[in-house]
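So the structure is just underneath, and the comments pick up after that.
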Amino acid sequence: TCNCSASSTTKGWGMYIGEWLDDTRIKVCNMARAGLSTQSFIHTDGLAIWSHVCRKMKAGDYLIVSLGINDCSSSAPERRTSLEQYTENLEAFADEAHRRGVTLLFVTSTVTVENNPVVNFRRAYPEAMIRVAAEKKAQGCDIDVLDLNAHMLAAIHDVVAKEGHEYLVNTYYSLKAGANGEKVPDTTHHREAGSRWVASMIAELLKQSDSTLKAYCK
């Protein structure tokens, strides 16, 4: 999701989501950071970033939270979370946004494609995010959720059926250093085409949602 350097093959969808919004009426500020989780944003190495966001956001703003991959998969103990802790952290984001009069939009995580056929092995985390959104909405929070994870999985299966798994990886996913320093497919992070693809899916889901943010879509 984060902004990436011009020299990097990897690009985050947060770099492009603004292209789907009316920039004469709304400004996108991407505070995402690579490798972080709900745990690290609230409790450890991302706390300074979250504290900055809390100081800056005000009533009438929108906050988009899309976290889950590192909660589920990170080997770093300060980032990895149980489903229970992940749920509590999402609730903390929701409560903070509600206190400040900010509209919250959860976006479930993207899909990793190292398996062929693609298996959505992190699905429990998106489902937890959906549950938190429903519960907080019932409590009066201004919150909605876009299930990018499920939507993207269906799109991936469609691409693989038509073009093959190799095409999917080479077209949409980035490269990383292999064991001997060679470039090998990165089946989690996206290249520009992939992040633009993800951003377009988010925009599509937003337009179909109940979120008032959709009023700012082009």
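FYI, side chains are in, hydrogens and waters are out, and symmetry mates aren't considered; it's all heavy atoms of this structure.
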Heavy-atom closest contact ([X] atom, [Y] atom, distance):
| X | Y | value |
| --- | --- | --- |
| Lys136 | Ala94 | CG-CB, 3.8 Å |
| Lys218 | Leu21 | CE-O, 3.0 Å |
| Leu105 | Leu206 | CD2-CD1, 4.2 Å |
| Trp13 | Ile64 | CH2-CG2, 4.3 Å |

Side chain to side chain contact (heavy atoms under 4.5 Å, CB included) between Val159 and Thr171, intermediate numbers included: CA-CA 10 Å; Val159 170; Thr171 302; over 6 Å; no

Would a distance-only check, ignoring hydrogens and angles, find a side-chain to backbone donor-acceptor pair under 3.5 Å from [X] to [Y]?
| X | Y | result |
| --- | --- | --- |
| Glu166 | Gly164 | no |
| Thr103 | Tyr62 | no |
| Thr44 | Glu78 | yes |
| Asp95 | Ala92 | no |
| His165 | Val113 | yes |
| Lys56 | Ser51 | no |
| Arg25 | Ala215 | yes |
| Thr108 | Pro126 | no |

Tell me which donor-acceptor pairs under 3.5 Å the side chains of residues 28-38 have, and how far apart each pair is, sequence neighbours excluded?
| residue | atom | partner | partner atom | Å |
| --- | --- | --- | --- | --- |
| Asn30 | OD1 | Ala32 | N | 3.2 |
| Asn30 | ND2 | Thr1 | O | 3.0 |
| Asn30 | ND2 | Asn3 | OD1 | 3.1 |
| Arg33 | NH1 | Met31 | O | 3.3 |
| Ser37 | OG | Gln39 | N | 3.3 |
| Ser37 | OG | Ser40 | N | 3.2 |
| Ser37 | OG | Ser40 | OG | 3.3 |
| Ser37 | OG | Arg79 | O | 2.6 |
| Thr38 | OG1 | Asp71 | OD2 | 2.5 |
| Thr38 | OG1 | Asn89 | ND2 | 3.0 |

Contact check, side chains of Val132 and Val145, non-hydrogen atoms, under 4.5 Å: no

Close side-chain approach of Glu163 to Leu168, heavy-atom, < 4.5 Å: no

More than 12 heavy atoms from other groups under 6.0 Å of CD on Glu84: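 Incorrect, the count does not exceed 12.
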
Carboxylate-amine/guanidinium proximity below 4.0 Å for Arg191 and Asp186: no

Cationic N near anionic O, under 4.0 Å, Arg100 to Glu96: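 Salt bridge flag = yes for Glu96 with Arg100.
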
Under 3.5 Å side-chain donor-acceptor pair for Thr9 and Ser174: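 No.
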
Short side-chain donor-acceptor distance under 3.5 Å, Arg122 and Thr112: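 Yes.
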
Test side chain to side chain contact (heavy atoms under 4.5 Å, CB included) applied to Val65 and Leu63, step by step: CA-CA 6 Å; Val65 173; Leu63 173 67; 4.0 Å; yes

